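Notes follow once the structure below has been shown.
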Amino acid sequence: MTTQTHDRLLIIDFGSQVTQLIARRLRELKTYCEIHPYQNVTEAFIADFAPRAVILSGGPDSVTRPGSPRPPQAVYDLGVPILGICYGQQVMMQDLGGRVEAGDTTAEFGRAWVTPAEGPRPDILNGWFLDGSGREQVWMSHGDHVSALAPGFEVLGTSPGAPFAITADLARRFYAVQFHPEVHHTPNGKTLLQNFIHDAGFTGDWTMGAYRAEAIAKIRAQVGDKRVICGLSGGVDSSVAAVLIHEAIGDQLTCVFVDHGLLRQGEAEEVVTMFRDHYNIPLIHADEAELFLGELDGVSDPETKRKTIGKLFIDVFQRHAGEIEGAEFLAQGTLYPDVIESVSFSGGPSVTIKSHHNVGGLPDKMGLKLVEPLRELFKDEVRALGRELGLPDSFIGRHPFPGPGLAIRCPGEITREKLEILRKADAVFIDQIRKHGLYDEIWQAFVAILPVRTVGVMGDGRTYDFACALRAVTSVDGMTADYYPFSHDFLGETATRLINEVRGINRVTYDVTSKPPGTIEWE
Ligand code: XMP
């Protein structure tokens with residue numbers, strides 16, 4: 001079933017490491033596209049999808065190998081523009097009557113320069129070769145090369161290792177390039193993609209307003225008059241999913257907010273106020289701090305902490321969700337990168353969905369079907385949708401916060417006293433960062449309270465209080481990270497504020513470990 005009203009571009013994935021970036025660039029150009037592994041793209045699929053244009057991605061295979069991946073002939077018969085990239089170019093040439101050779105001598109990896117062919121420049125090259133050097137930097141990554149063009153094709157650009165760097169059959173609007181226009185190392189690559197979609201007649205109708213309307217229609221069609229449960233964590237993804245679903249089905253949605261007592265200062269109140277009072281969403285606030293802190297009493301091993309919290313979370317969620325009569329669906333904030341990463345390229349067409357961190361295993365256990373309205377979005381698009389739905393910027397731009405909460409920022413035993421100190425210290429640190437205008441430059445910042453008391457002197461008295469560590473890192477995806485280079489003035493001012501304003505801390509350290517070898521959290 002499709003409720004799509006805008007034009008769609010189909011990206012057939014042959015397994016390149018950077019296929020996702022094609023989608024990224026096209027979305028930036030307000031063009032709706034979907035990536036599908038070549039195994040899934042049958043003639044029937046194409047007829048149903050009805051793309052306005054097709055892109056054949058790069059891939060690791062060699063078209064010279066018998067049985068190498070191909071699109072069905074129906075792709076070429078659609079009469080719509082096609083762009084082949086790298087392996088996609090070679091596939092087109094081979095399929096359409098040209099020739100491709102495996103070759104060690106012509107392999108190109110990394111930066112290369114393309115110069116235009118003699119003669120008139122077709123529109124696909126608009127905006128290219130204009131900067132005076134007469135050439136464009138591109139990123140190549142190919143071992144095989146095209147050795148003879150398919151009938152109807154001509155050369156529009158060449159590089160030292162790729163005489164057929166840019167080729168086109170202008171009559172059929174088939175384009176094929178040996179390099180990767182989707183990566184940043186092809187600085188003008190997005191212009192080429194823009195020319196391609198312009199040629200295909202896309203109007204840039206992929207806006208968040210359109211997405212919102214479409215997603216609402218889809219949710220209504222999927223859910224009907226049934227009930228949906230959504231686990232809220234206070235994070236951006238589950239919050240945006242909840243607000244969107246509520247807009248679609250109103251009070252058929254109930255949110256369950258498991259408050260494990262390990263949240264930051266004011267966080268639980270903020271979630272409850274925003275969802276219950278501002279958005280009027282039926283919300284069960286499961287205040288289970290006693291239960292969680294009781295079970296964590298005396299636990300200091302990091303893995304035991306995580307397992308205890310994870311298991312309790314599922315128990316508690318299940319208990320509260322069980323009170324909601326007739327629920328058939330569980331909402332999750334799964335994003336597009338999770339969906340793509342879980343497509344097994346070589347393992348056939350089956351798609352495994354990564355389980356949401358906090359509710360993993362729940363849908364099966366509770367016999368619930370999934371509603372995943374963010375499955376087509378990248379993280380920054382989720383933020384844009386959140387803004388479109390009226391969620392405040394301060395909420396949408398927040399640093400990530402781990403599911404186990406403050407427990408993993410409190411090495412050693414967790415006590416209420418330590419948690420209270422940690423909450424206050426964290427609030428001061430974040431306030432400092434905001435005051436200095438640094439919040440958006442930092443991926444994540446927090447305080448960890450150390451299981452060490454140190455001697456200090458305040459006024460004329462001796463203190464014997466906790467030491468804490470400040471942590472602030474830059475990162476793109478949390479997989480690798482670097483410590484943030486605060487000025488000494490900033491660190492000194494922050495240490496003074498912490499010691500003056502937070503009773504229980506008398507020493508402040510700054511953690512300058514990158515990841516790897518460290519991790520972002522302390523446990
Ligand atoms: P690490 O500490 O592994 O963290 O370098 C990488 C990123 O993941 C977050 N994190 C978690 N998020 N549940 C979550 O939802 C968890 O158990 C968890 N552990 C770490 C961490 O805050 C950082 O952003």
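For ligands, and for the atoms within them, numbers begin at 1 and follow the listed sequence. Values in this document were obtained by computation on a predicted structure and should not be read as measured data.
- Near T519, meaning under 4.0 Å from one of its heavy atoms, ligand 1 places the atoms 1 (P), 2 (O), 5 (O).
- Residue-ligand proximity, P404 to ligand 1, at heavy-atom distances under 4.0 Å covers atoms 13 (N), 16 (C), 17 (O).
- Under the side-chain contact (heavy atoms from CB on, under 4.5 Å) criterion, H184 pairs with R25, sequence neighbours left out.
- In this structure, W443 has a heavy atom closer than 4.0 Å to ligand 1.
- Every atom of ligand 1 with a heavy atom of K515 under 4.0 Å away is listed here by number and element: 1 (P), 3 (O), 5 (O), 6 (C).
- Here F275 and F257 keep their ring centres 6.0 angstrom or further from each other.
- Within the 4.0 Å heavy-atom cutoff, R306 counts among the residues contacting ligand 1.
- Considering only residues two or more places apart in sequence or on other chains, D393 meets the salt bridge (Lys or Arg N to Asp or Glu O under 4.0 Å) condition with R387.
- Between P400 and ligand 1, a contact under 3.5 Å exists for no N or O pair.
- Residue E521 holds the heavy atom nearest to atom 2 (O) of ligand 1 of all those in E523, E521, Q444.
- Residues F395 and E270 meet the side-chain proximity criterion, which asks for heavy atoms closer than 4.5 Å.
- The heavy atom nearest to atom 15 (O) of ligand 1, out of those in G403, P516, A481, G235, is found in G403.
- Taking the ring centroids of H399 and Y439, they lie under the 6.0 Å cut-off.
- For F490 and H436, the ring centers sit closer than 6.0 Å to each other.
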